[in-house]
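Here the structure is laid out as C-alpha cells; the discussion comes afterwards.
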Amino acid sequence: MRFDVITLFPEMFAPLTTVGINRRAFESGALELHLTNPRDFAPGNYRRVDDRPFGGGPGMVMMAEPLAQAVQHIRAQRQDRAPVVLFSPIGDSLNHARVETWAQSQGAILICGRYEGLDQRFIDRYVDMQISLGDFVLSGGELPAMVLLDAVARLLPGVLGDQDSHVQDSFNPAVQGLLDCPHYTRPEEWEGQRVPEVLLSGHHEKIEAWRMQQRRELTKKLRPDLLKD
Ligand code: 9WO
C-alpha cells in the first residue's frame with residue numbers, strides 16, 4: 001500500500017516513520033510513504049506557493065498550479081487511480097470503520113493545506129474526498145494526515161507485536177462496537193488502589209465475563225449513542 005503526501009513541511013513526517021510500532025509498517029514495506037513538496041513545482045526564484053485572496057481578506061491562499069503539478073507528478077509514478085484526499089473540517093468524519101477500509105485499500109494521495117486554505121478550483125478539479133477529524137481548525141493538514149497514517153499502519157499485518165491485539169480496540173465491531181475495558185499492570189496495589197481481584201484470580205472465563213461487563217457499563221455511561229442501533 002502506498003500513501004503519497006503533498007505537504008509544504010515534509011520534515012514533519014519523520015517521527016511517524018522512525019519511532020514506535022508504526023515504524024515496522026514502513027520498514028517492512030507494508031506501508032510506503034512518499035512525500036512531495038508543492039514548492040518543488042512552484043515557479044520563480046521565490047518558489048511561491050501562496051498568494052493573496054481575490055476579494056480581499058486576511059491571510060494567503062495556496063495556489064492551484066503547484067498543487068496540481070504535485071498530483072500529476074505522483075500520478076505518473078503510481079499505476080493506480082488512488083483517490084485524492086484533503087483534510088479539512090468540512091469533510092466526512094473519520095472513524096474506525098473508515099480506517100479499516102483505508103487499511104485494505106491501495107492507498108491515497110493526501111493533501112495537507114496551509115495558510116487560509118486552497119484555491120477552490122484545485123479542490124473542484126482534483127479532490128475526491130475531504131476528511132475531518134472533528135469540529136476544530138488547525139494550522140495545517142499535516143497532523144490529520146499523520147493521524148490517518150498512524151491509525152492505518154497499526155492495522156497492517158505484522159505491525160502490532162501481539163498479532164491480534166487490535167481485535168479488542170474500542171469501536172472494533174469484533175467487540176460489538178463497545179468501548180475497551182480498563183487495563184491494569186503491576187504493582188497489585190498503587191496509592192492505596194488495588195487491581196480488581198478477578199484479574200488476579202487466573203480464572204479466564206470469569207476474567208472475560210468481567211471485561212465484557214465493564215465494556216457494556218462503560219459504553220452505557222460514556223457513549224450511549226454506540227448502543228443505539
Ligand atoms: C479550513 C476550514 C475551516 C472552515 C471551513 C472549511 C475549511 N477548510 C479548511 C482548510 O482546508 N484548511 C486548510 C487545512 C488550510 C488551513 C489549515 N488546514 C486545516 C485542516 N485546519 N484544520 C484542518 C482540519 C483537518 C481535519 N480535521 C480537523 C481540522
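In each ligand, atom 1 is the first atom listed, and ligand 1 is the first ligand listed. Computed from heavy atoms alone, side chains included, the values below leave out hydrogens, waters and symmetry copies.
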Identify, by atom number and element, the atoms of ligand 1 in contact range of [X], meaning under 4.0 Å from any of its heavy atoms.
X	value
Pro144	25 (C), 26 (C)
Gly117	15 (C)
Ser139	17 (C)
Phe136	28 (C), 29 (C)
Ile90	5 (C), 6 (C)
Tyr115	15 (C), 16 (C)
Ile131	26 (C)
Ser132	26 (C), 27 (N)

How far is [atom] from its nearest protein heavy atom, and which residue and atom is that?
atom	answer
atom 20 (C) of ligand 1	Phe87 O, 3.5 Å
atom 10 (C) of ligand 1	Ser88 CB, 4.0 Å
atom 9 (C) of ligand 1	Pro89 CD, 3.7 Å

Validation row: [X], [Y] side chains within 4.5 angstrom (heavy atoms):
X	Y	value
Ser93	Leu133	no
Asp50	Val61	no
Arg75	Arg81	yes

side-chain contact (heavy atoms from CB on, under 4.5 Å) evaluation trace for Leu155 with Val99: CA-CA 9 Å; Leu155 292 185; Val99 169; 3.7 Å; yes
Pick from Arg114, Met62, Glu142: the one approaching atom 15 (C) of ligand 1 most closely through a non-hydrogen atom: Arg114
Contact check: Leu133 vs ligand 1, nitrogen or oxygen atoms, below 3.5 angstrom: yes
Leu138 N/O to ligand 1 N/O under 3.5 Å: yes
Arg2 side chain to Gly107 backbone, donor-acceptor under 3.5 Å: no
Any side-chain donor near an acceptor of the partner, Gln69 and His73, under 3.5 Å: no
Euclidean distance, Leu8 CG relative to Thr36 OG1, rounded to 0.5 Å: 11.5 Å
Which atom of Ala82 lies closest to which atom of Ile109, heavy atoms considered: O-CD1, 4.3 Å
Pair Arg215-Glu208, salt bridge (Lys or Arg N to Asp or Glu O under 4.0 Å): steps then yes or no: CA-CA 11 Å; Arg215 288 181 189 121; Glu208 219 22 70; 3.5 Å; yes
